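Letters go in sequence order (proteins before strands), and every chain restarts at 1. Quick note: numbers below take in every heavy atom, side chains included, and nothing from hydrogens, waters or symmetry partners. Everything numeric in this text was worked out from a predicted model, so none of it was measured.
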Amino acid sequence: MQRFAVSGRVILVVIQEAYARGTPEARTAMTDPLSFDDLYAAHYADLTVQLHLYFGDRQEAHDVVQEAFCRAYARWRTVSGYEDPVGWVRRVAWNLALSRWRRTRSALSFLRRQPRTESHVAGPGPDRVAVMAALAELPAQQRRAVVLRYLADLTVPQIADREGVAEGTVKSWLHRARTTLADRLGADENEETP
Amino acid sequence: MTDPIVRLLEQARADALRDVRPPGPDEVRRTVRRRRGIVAGIGTAVAVAGIAAAGALAVPPSPGAVAPGADSSAMPSQFPVMPEPDPATLQRMAVASAALGDWNTTPWVMATDGVVSADYQNFVNDIPAGTYDLHLYCVGEGKADVVVKADRAGDDKLAAGSVTCAADPKPARLTVRQPVHGYLRMYLSGDEKASGTSAFSFKFVRADPTATAGPDTTANAGGAAALLAGATPVTTERDKTVEKPLGAGNHLVSFACKGPGTLAFTVRSAGVLRDGTVATTGRTELAVDKACSSAENATVEVPITLPADSAITITAAADDAARDKAGWAYTIRPA
């Protein structure tokens, strides 16, 4: 267990250790008091990976998630009071990803003119390449449902709510997506209720 | 038993997490301060930054507060996040986006759209090795040059060409061969008419990712090459474009094909872009459909006169009967 001081207060950061271990609790068990830095540290990477696997473009995912955190920070007094601040950031990030912002940002080279900060990375392993290639073959709605269900750990009702469709529709998307992924990835489809 | 699909996704997540390099919360603060400074002006920027710094401190949440829908498009913006195109340009963007077609019909690996600028660039990462058709549309006026380069740095050009903007856009189509899994860079340079007003879209479509030349096309390519002295054989498991940089003068392009079906040949003289790159979409010198089984007029010759620093490209598109069965060959020599 690690302790460190932020703004004169000692904050327990079990969450960051749990996150480093990749446990699901890490994505939901934010400790109080909530600080922007804690929220950022605990969720930036996971949100980026979710959008990365959806877009297939790491830099786009980085840009969108960073922009979502900028918007959260700009209204932090309000956002920090919500029951689910990371849900707010996730929703903004996804909305940005699907919105005109992403296209116009890209089109006008707004961020591209900034010095690129991305450091060299090891690159994807063969399994990730295969998964990303299989995800890329899914229609956008199915791909979004898979990422939100299995990587963002949203429930079917939550996905249905944010997509504005019936729960049965989400289940149908997930079923079809799983069938396609199982075929592409050579996985034995072990059917489970999503 | 662990769900195999979930397990693969979890593994992909763990693998991808290793590549994430967060810019950090301090970068968030700098961005917000900079934007607020734009609004407030230099005179008040320091005060706003102070407020922003105060906002960084942990603020006790209001009990029971519920997050709103967080619809970014509906949120009142406290500062200018991005310059927005005017409505006419947005309309062109919509047309450009629609030109990409239906993903379900022709899946693409990556696609985007936007407003043409003089120096647009897009780093496209995680593109698997293989051959792609790049379709580029431009809606509006003027022209735009496109250059595709390999990797994150360097000047290894994979494809180059130009697209003419129009109300009803016709795509420029380039073949891009990605040598290894990784980055591509898209550079788009609009001329004065196009920049800021015309809209573009492009998509990378996988071109038959797994095809390798079969025995029939390999044999027929060899047979076609035997019809022309010193010819280079080309197989038809997928549509191919060959290109050869040439100097000024008169040149004779010859080609032949053998086997079933028909090949649609297009011979182009390549232009030179403003940055000196040889384009692979130049003026069409000849477009002809050739039945490869016919013994008559087995070879085709095209005389072409070129200025300095030019190139010639030959594209052959196979019909269903010719695909991976027929073969072709070509020579380019001084006339």
Q | Distance in Å, A/Y150 OH paired with B/D3 CG, rounded so as to fall on 0.5 Å steps | A | 6.5 Å

Q. Taking only residues two or more places apart in sequence, or in another chain, which ones meet A/Y40 in a ring-ring contact (aromatic ring centres under 6.0 Å, His included)?
A. A/Y44, A/F69

Q.
Minimum heavy-atom separation for A/Q66 and B/G24, please, with both atom names.
A. NE2-O, 3.7 Å

Q) Quick one: NE2 on A/H52 to CZ on B/R13, what's the gap to the nearest 0.5 Å? A) 14.0 Å

Q.
Checking B/D26 now: which residues fulfil side chain to side chain donor-acceptor pair (under 3.5 Å) with it, not counting sequence neighbours?
A. B/R29

Q) Just how far is it from atom CG of B/L9 to atom CD of A/Q50, taken to the nearest 0.5 Å? A) 11.5 Å

**Q.** Whether over 12 other heavy atoms sit under 6.0 Å from B/Q11 CD
**A.** yes

Q.
Assess the residue pair A/R178 and B/V6 against the criterion (side chain to side chain contact (heavy atoms under 4.5 Å, CB included)); give the C-alpha distance rounded to whole Å, side-chain angles, the decisive distance to 0.1 Å, and a yes or no.
A. CA-CA 9 Å; A/R178 290 173 58 89; B/V6 174; 4.3 Å; yes

**Q.** Closest heavy-atom pair and its distance - A/C70, B/V32
**A.** O-CG2, 3.6 Å

Q: Apply the side-chain contact (heavy atoms from CB on, under 4.5 Å) test between B/V20 and each candidate in A/D46, A/L47, A/V65, A/V49; give the one that qualifies.
A: A/V49

Q: Could you tell me the separation between the CG atom of B/L8 and the CG atom of A/L135, rounded to the nearest 0.5 Å?
A: 10.0 Å

